[in-house]
Amino acid sequence: MNRVLPLFRRSMVDGWRGLLGWTIGILAALFLYLPLYPSFGGNGQMQQIIDTLPPELVRSLNYDQIGSGPGYAQATFYGLIGFVLLTIAAVGWGTDAIAADEENGQLELTLAHGVLRGQVLAERSAAVLVKLAWLAIVSVVVVMVLNEPSELGIEFGNLVATAVAFLGLVSLAATAAIGVGAVTGRRTWAVSAGSGIAVYAYALNALGNQSDELSWLHDWSPYSWAYGDSPILNGWNGTIWLNYAVIAVLLLVGWLAFRRRDIAV
C-alpha cells in the first residue's frame, strides 16, 4: 500500500469534481470579461464612463486604472470577480479540512487509523493550497492566451507577480479557516474567520483609498499588501510576501493547538 502523503492524495481525489467546477468558473469569468476590453476599453470609452462616476466609488472599487489593459484585467478579475470566486472556494475548502470534518464525526474516524494530528492538518492544508495554486496557474495561462486578442498588453513577468499576489491573498482566507477550525473545531468559526479576513482586507483597502488621511490603513490590509503597488503594472514588490508570512503563522498556530486539544466526538 502506498503510504506517501495518503491524506493529501485522498483530499485531491475526493475533491477533483469541485476543483473542476471552480476551474470552469475561472475560465468562464476570464473569457467573459477580458475579450470585452477592445470594444470599449482600448478606444477610451471605458475611461469616459469611469470619469462620470463619483471619485470615492472609483477608488473603493480600484477602478482608477481600468482604462489600461493591465488595469482592466486587475480591476475586473484579480481585484474583484476572481478574488470573490477564489475566496469562496478557499473558505469552503479550508473549513472542510478540519472543522467540518470534526463536526460530522469523520475526523475521529480518520485519526483512528493511526495518523497523527499534525499530519492531518499538514496534508489537508497542502491539498487546499495546491488546489488554489492550480486555479491561479489557470488564470495566468488564460490571460496569456487572451492577452494579444484582447489587446491587454500585459507583460508575462508582471502577470506572474500578480498571480502570486492573488494566490497569497486567497490562501490567507483558506488558512484562516483552517487555523481557526483547528483551534476551535467549529465550522461556524472557521467560515467566519475565512470570510471575515477577506472582507476585512477589501474594506480596509477601500477605506484607505478614500483620502491621504486614511492611506495608513493600507499598511494593515492584506488586499493592499497584494495589490497596493500594482504588480500587474510594476512587477514584483516586497509586500506581496506579507500574506505568505501570515499564512505560515496561522498554520503554525493551528498545528500547535490542534495537537493538544480534545477532538469532539
Side-chain angles (χ1 to χ4, degrees), residues 5 7-8 11-12 15 18-19 22 26 78-79 82-101 117-140 160-187 189-205 217-229 231 236-260:
L5 301 177
L7 300 175
F8 172 83
S11 294
M12 296 301 295
L19 181 59
W22 285 109
I26 294 299
Y78 287 109
F83 171 60
V84 171
L85 289 176
L86 258 70
T87 296
I88 294 171
V91 173
W93 288 334
T95 300
D96 289 342
I98 301 294
D101 223 26
R117 295 189 186 192
Q119 180 185 358
V120 173
L121 188 141
E123 292 192 29
R124 289 185 173 177
S125 297
V128 172
L129 296 179
V130 166
K131 291 176 185 177
L132 293 173
W134 163 256
L135 295 177
I137 291 171
V138 168
S139 77
V140 171
V160 172
T162 302
V164 171
F166 180 52
L167 176 60
L169 181 59
V170 296
S171 295
L172 181 62
T175 51
I178 293 170
V180 172
V183 171
T184 66
R186 299 296 182 185
R187 186 198 312 258
W189 284 102
V191 171
S192 298
S195 55
I197 200 167
V199 172
Y200 160 84
Y202 189 88
L204 220 61
N205 178 77
L217 293 173
H218 291 146
D219 296 336
W220 299 95
S221 168
Y223 190 98
S224 297
W225 300 344
Y227 299 139
D229 290 332
W236 298 92
N237 63 78
T239 62
I240 287 175
W241 307 108
L242 290 176
N243 280 323
Y244 288 93
V246 177
I247 286 168
V249 172
L250 287 171
L251 291 177
L252 177 60
V253 171
W255 182 76
L256 292 173
F258 188 53
R259 292 175 63 215
R260 289 169 171 78

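Side chains included, hydrogens not; waters and symmetry mates left out as well; all remaining heavy atoms used.
Among all heavy-atom pairs drawn from Thr162 and Pro231, the shortest one is OG1-C, 3.5 Å. Leu167 and Ala136 get closest at one heavy-atom pair: CB-CB, 4.3 Å. Here the closest non-hydrogen pair linking Val180 and Ala190 is CG1-N, 4.1 Å. Here the shortest heavy-atom pairing between Ile98 and Leu121 reads CD1-CA, 4.2 Å. The two residues Val246 and Trp225 come nearest to each other via the heavy atoms CG2-CZ3, 3.8 Å. Contact detail for Ser11 and Arg124: the closest heavy-atom pair is OG-CG, 3.8 Å.
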Is there a side-chain contact (heavy atoms from CB on, under 4.5 Å) between Asn237 and Ile240? Walk through the geometry before answering.
CA-CA 6 Å; Asn237 63 78; Ile240 287 175; 3.7 Å; yes
Can you list the steps and then say if Asp96 with Val128 is a side-chain contact (heavy atoms from CB on, under 4.5 Å)?
CA-CA 10 Å; Asp96 289 342; Val128 172; over 6 Å; no
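Atom CG of Leu135 and atom CG of Leu85 lie 9.5 Å apart (nearest 0.5 Å). With values rounded to the nearest 0.5 angstrom, Asp219 atom CG is found 10.0 Å from Thr239 atom OG1. Rounded to the nearest 0.5 Å, atoms CH2 (Trp220) and CG (Asn205) are 15.5 Å apart. With rounding to the nearest 0.5 angstrom, the CG atom of Asn243 is 10.0 Å from the CG atom of Leu250. Here the straight-line distance linking atom OG1 of Thr175 with atom CG of Leu251 works out to 5.5 Å at 0.5 Å rounding. For the atom pair OG1 (Thr95) and CG (Asp101), the distance works out to 11.5 Å, reported to the nearest 0.5 Å.
Listed for the Tyr227 side chain is a donor-acceptor partner under 3.5 Å among the backbone atoms of Tyr78. Panel note: side chain Arg259, backbone Gly118; no donor-acceptor pair is recorded below 3.5 Å. Of the possible donor and acceptor atoms, one in the side chain of Tyr223 sits under 3.5 Å from a partner among the backbone N and O of Gly79. Between the side chain of Ser171 and the backbone N or O of Gly168 there is no donor-acceptor pair closer than 3.5 Å.
Relative to the six-membered ring of Trp93, Lys131 meets both conditions, a distance below 6.0 Å and an angle of at most 45° to the axis.
For Trp236, the CH2 atom is densely surrounded, since the number of other residues' heavy atoms within 6.0 Å is greater than 12.
When side chains are defined from C-beta on, Ile88 counts as touching Trp22, because their heavy atoms get closer than 4.5 Å. Here the side chains of Leu169 and Pro222 are in contact, with some heavy-atom distance below 4.5 Å. Proximity of Ile26 to Leu86: side-chain heavy atoms (C-beta onward) are separated by under 4.5 Å at one or more points.
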